[in-house]
Amino acid sequence: MTDKEIIAKLPYQAPFLFVDAIEALSENGLTGSYTFKSDEYFYKGHFKNHPVTPGVILTECMAQIGLVSLGIYLLRNEHVLNSNIQVALTSHQIDFYLPVFPNEKVTVISEKEYFRFNKLKCKVKMFNRNDELVCRGVISGMLKVLQDEE
Amino acid sequence: MEKTVLIEKLKVIIEPYIQDEDAFKNLTETTDFVKDLKINSANLVDIILDIEDAFDIRLENEDMEQMLNVKAAIEIVQSKQNSK
């Protein structure tokens with residue numbers, strides 16, 4: 001499965017797709033990146049005259065790369081490319097260390113803790129272009145391939 | 001393992017994940033994990049994994065599907081332990 005196939009399979013689109021590239025992937029984890037464009041819709045309101053990427057958006061970016069993209073790869077043997085995928089975020093606990101401003105590129109590194117009974121739990125870290133830790137935490141979700149109804 | 005001991009052990013495992021305190025206080029063998037205790041699907045997986053560790057057994061997808069209430073959980077744990 002290629003990085004392009006994974007990104008095409010993600011159930012998101014602009015203005016809520018926060019994955020540009022998947023750089024490394026394996027059974028145990030995945031690395032991906034996203035560059036926050038200067039005209040992202042949330043910068044108009046967060047904050048007034050002082051655009052900073054909201055923590056919830058950083059969390060979403062971590063979940064789309066670290067949890068959902070990895071999940072699609074892990075489900076590759078279940079015909080995920082030809083089926084619909086059902087995704088539900090079930091819990092996250094994230095600590096934040098540095099702000100992310102417009103035009104910044106972030107890299108997300110995800111490490112699988114387990115994927116059993118459709119639940120994927122990952123340790124996820126986000127770094128900025130200077131390799132400084134932006135945020136890190138644990139994200140879990142339920143992921144499954146919807147079988148076509150006969 | 002005796003059933004009452006097993007239920008007590010099970011209660012310790014599920015307590016962190018329950019949403020309905022009253023249903024938990026009045027827990028019986030017919031208490032349903034989802035309908036009565038209002039446990040979500042992700043936490044049900046946590047319970048399954050905790051049961052595996054606590055009883056040193058390995059559970060499969062079909063066990064998970066059957067494990068809807070306290071009685072079913074006890075039966076599955078007992079049968080896994082006996083077949084070890």
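As the structure is a prediction and not an experimental result, all values here were calculated from the model. Side chains are part of it too, since the values below use all heavy atoms of this structure and drop only hydrogens, waters and symmetry mates. In what follows, chains carry the letters A, B, and so on, assigned in the order in which the sequence lines appear, proteins first and then strands, with residues in each chain numbered from 1.
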With only heavy atoms counted, which part of Glu60(B) is less than 4.5 Å from chain A, the side chain, the backbone, both or neither?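 For Glu60(B), the contact with chain A is made by the backbone alone.
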Are [X] and [Y] connected in the hydrophobic side-chain network, where two residues link if heavy atoms are under 4.5 Å apart?
X: Met126(A); Y: Leu25(A); value: yes
X: Ile57(A); Y: Phe47(A); value: no
X: Val19(A); Y: Val68(A); value: yes
X: Val100(A); Y: Phe42(A); value: yes
X: Tyr12(A); Y: Leu89(A); value: yes

Just wondering, more than 12 heavy atoms not from [X] lying within 6.0 Å of its [atom1]?
X: Lys105(A); atom1: NZ; result: no
X: Glu2(B); atom1: CD; result: no
X: Lys80(B); atom1: NZ; result: yes

Give a yes or no on whether a salt bridge exists between Arg116(A) and Glu52(B), defined as a side-chain N under 4.0 angstrom from a carboxylate O.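 Looking at Glu52(B) together with Arg116(A), the answer is yes, because their closest N to O distance falls below 4.0 Å.
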If you check every heavy atom in residues 6-35 of chain B against those of chain A, which residues fall under 4.5 Å?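 So far as heavy atoms go, nothing in residues 6-35 of chain B approaches chain A to under 4.5 Å.
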With a 4.5 Å heavy-atom cut-off (strictly below), which parts of residues 36-49 of chain B touch chain A? List them by number.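 Listed by number, the contacting residues are Ser41(B), Ala42(B), Val45(B), Asp46(B), Ile48(B), Leu49(B).
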